[in-house]
Colleague: 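My questions will all concern the structure given below.
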Amino acid sequence: MKSLLVKFGLLFIVALQLSACSSGFGIDGRRGVSSSLVDYLYPEGQVPPKYEETVPHLRLPLTVGLAFVPSEKNSAYSLPEAKKMQLLEQVKQKFSGLDYVRDINIIPDTYMRSTKGFEGVDQIARLYGLDIMALVSYDQVAVSSETKSSLLYWTIVGAYFIKGNQNQVTTFVDTAVFDVNSRKMLLRAPGVSEAKRSSTLVEVDQVNRAARGEGFELAMADMSTNLSVELDRFKARIKQDKSVQVSRREGYSGGGGALQWPLVMLLAGLALLLGFRRMRSAGRQQS
Amino acid sequence: MLAASKANLVGVALFILALCVLQNFAAVLEFDRQQILAGQVWRLWTGHFVHSHASHLALNAISAVALYWIFAPRIDAFALWSYGFFFSFLISIVLLGLYPNLAWYNGLSGLLHAFFSCICVHLIHTQNRLYGVGLVAVWSKVLLEMWRAHGGYQGEIEGMAIIIEAHFIGVVVGTFTAVGYLISKRIADLSS
């Protein structure tokens with residue numbers, strides 16, 4: 001009986017060790033990284049100012065600043081600076097050909113961290129000579145869960161060869177475009193993505209990192225497409241509601257072909273006169 | 001006569017209705033250099049049929065109807081459509097090629113100038129040399145506009161800059177198309 005108890009005790013310790021060994025690999029549960037536009041623009045609980053009836057004035061072509069909103073905490077899940085620059089470069093490439101955009105400047109994270117709030121944005125705008133600023137905030141959640149096949153991790157060898165972990169990464173990015181002078185938001189465009197990858201236990205970290213990178217790439221691509229649509233809508237909207245005043249710097253133009261009122265009145269008068277004469281002559285022919 | 005007038009009225013009403021409907025899609029139809037170069041070539045044609053705002057639309061629609069009314073008995077519908085297709089494309093191509101700073105354009109007036117000058121040339125040849133007065137008037141108008149623009153004057157309608165270059169191109173395109181057509185017809189007649 002005593003030896004049986006000893007055997008059970010040993011088995012329990014081995015099982016415990018294996019379990020500890022298994023949970024020693026990779027990540028567990030739900031982790032993520034995010035940055036908040038509101039927290040960045042209104043730090044330390046600042047209250048946004050009351051709505052003002054100022055009309056933003058855009059002088060085309062525009063110099064645009066493009067940056068990620070810095071996250072509050074730097075963690076292992078934060079996007080590396082090099083990756084951020086690479087993602088922003090892709091967005092820049094897509095929009096730098098626009099006729100009403102003179103230049104797009106990518107603002108490094110380090111510049112953004114120095115001063116928060118609109119004061120920080122103003123400083124950067126002065127430094128780069130920006131007219132508008134596009135700030136990209138994000139929220140990414142990475143979940144790694146074990147599937148039924150993870151049971152084979154208990155064999156230890158399974159931890160190396162059995163893909164018993166499902167790594168799911170959900171990413172949301174949101175670009176808000178601000179007029180620097182009036183500090184008003186002109187438009188915003190979101191982008192979402194969901195990346196799923198399975199992995200062995202020992203590869204969880206590596207695969208999760210790759211999925212997080214892919215998640216950002218897909219979300220930024222989605223955001224770029226949405227931003228393009230939003231820009232078209234914005235152009236149509238401001239022509240109608242005049243919520244933004246647009247003027248053109250020298251050497252840049254756009255407009256419509258139109259006849260002015262005096263000429264239109266002259267043509268209309270001539271048309272009426274001819275119509276009247278035609279009707280009279282038709283009446284004479286009938287009689 | 002009465003039936004023809006009714007048909008004309010229906011045509012005019014449909015035309016104005018079409019302009020109003022197209023106005024809802026102005027963002028995807030107007031001449032936008034960037035988008036055209038990116039492959040949205042339909043804007044070369046459709047840009048002439050959308051407008052910046054209601055006043056712009058009203059001015060051009062009234063002018064179009066007045067011009068149609070003036071020349072109605074002398075225009076056939078097929079010629080109107082085919083010339084419209086040709087002129088709108090040609091004006092846009094010239095704007096695209098010769099005015100690289102022109103980012104966007106909309107409105108019917110360039111096309112109306114082209115129609116007016118083209119019809120005048122045809123009528124001078126076929127009916128009455130008095131139509132030459134109309135041709136001289138439209139050429140004088142666009143040249144005066146260009147001269148004033150060169151001096152720094154910029155016409156505007158409710159904040160929208162008037163692109164007088166489109167008028168000038170319209171008159172040039174309309175006149176030379178009509179002259180070219182008449183010359184080629186004459187050559188064909190002589191050779192037959």
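Chain A is the first sequence line, chain B the second, and so forth, proteins listed ahead of strands; every chain is numbered from 1. These numbers come from a predicted model, not from an experiment.
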Colleague: Which atoms of Leu263(A) are under 4.5 Å from chain B, going by heavy atoms: the side chain, the backbone, both sets, or neither?
Modeller: side chain
Colleague: When rounded to the nearest 0.5 angstrom, what is the spacing between CG in Leu267(A) and CD1 in Ile70(B)?
Modeller: 5.0 Å
Colleague: Is Leu111(B) in contact with chain A via its backbone, its side chain, both, or neither, using a 4.5 Å heavy-atom distance?
Modeller: neither
Colleague: Determine whether more than 12 heavy atoms belonging to other residues, nucleotides or ligands lie under 6.0 Å from atom CZ of Arg186(B).
Modeller: no
Colleague: Select one option (side chain, backbone, both, neither) describing which atoms of Glu165(B) are under 4.5 Å from chain A's heavy atoms.
Modeller: neither
Colleague: For Tyr181(B), does the OH atom sit with more than 12 other heavy atoms under 6.0 Å from it, leaving out its own atoms?
Modeller: no
Colleague: Could you tell me which of Leu266(A), Val264(A), Leu272(A), Leu274(A) has the largest number of non-hydrogen atom pairs under 4.5 Å with chain B?
Modeller: Val264(A)
Colleague: Below 4.5 Å from any heavy atom of chain A, which atoms of His48(B) appear? Answer side chain, backbone, both or neither.
Modeller: neither
Colleague: Is it true that, when you exclude Lys83(A) itself, more than 12 heavy atoms of the residues, nucleotides or ligands shown sit nearer than 6.0 Å to its NZ?
Modeller: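 Yes.
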Colleague: More than 12 heavy atoms of other residues, nucleotides or ligands under 6.0 Å from OH of Tyr99(B): is that the case?
Modeller: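 Enclosed.
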Colleague: Counting heavy-atom pairs closer than 4.5 Å to chain B, which one of Ala236(A), Gly269(A), Ala268(A), Ala271(A) comes out on top?
Modeller: Ala271(A)
Colleague: Does the side chain of Ile62(B) reach to within under 4.5 Å of the side chain of Met265(A), using non-hydrogen atoms?
Modeller: no
Colleague: What is the distance from atom CH2 of Trp69(B) to atom CG of Leu270(A), rounded to the nearest 0.5 Å?
Modeller: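 Going from the CH2 atom of Trp69(B) to the CG atom of Leu270(A) covers 13.5 Å.
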Colleague: Take a 6.0 Å sphere around CZ of Phe176(B) and say whether it holds more than 12 heavy atoms from other residues, nucleotides or ligands.
Modeller: no
Colleague: With a 4.5 angstrom heavy-atom cut-off, is it the side chain or the backbone of Asn60(B) that approaches chain A, or both, or neither?
Modeller: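 The answer is the side chain of Asn60(B).
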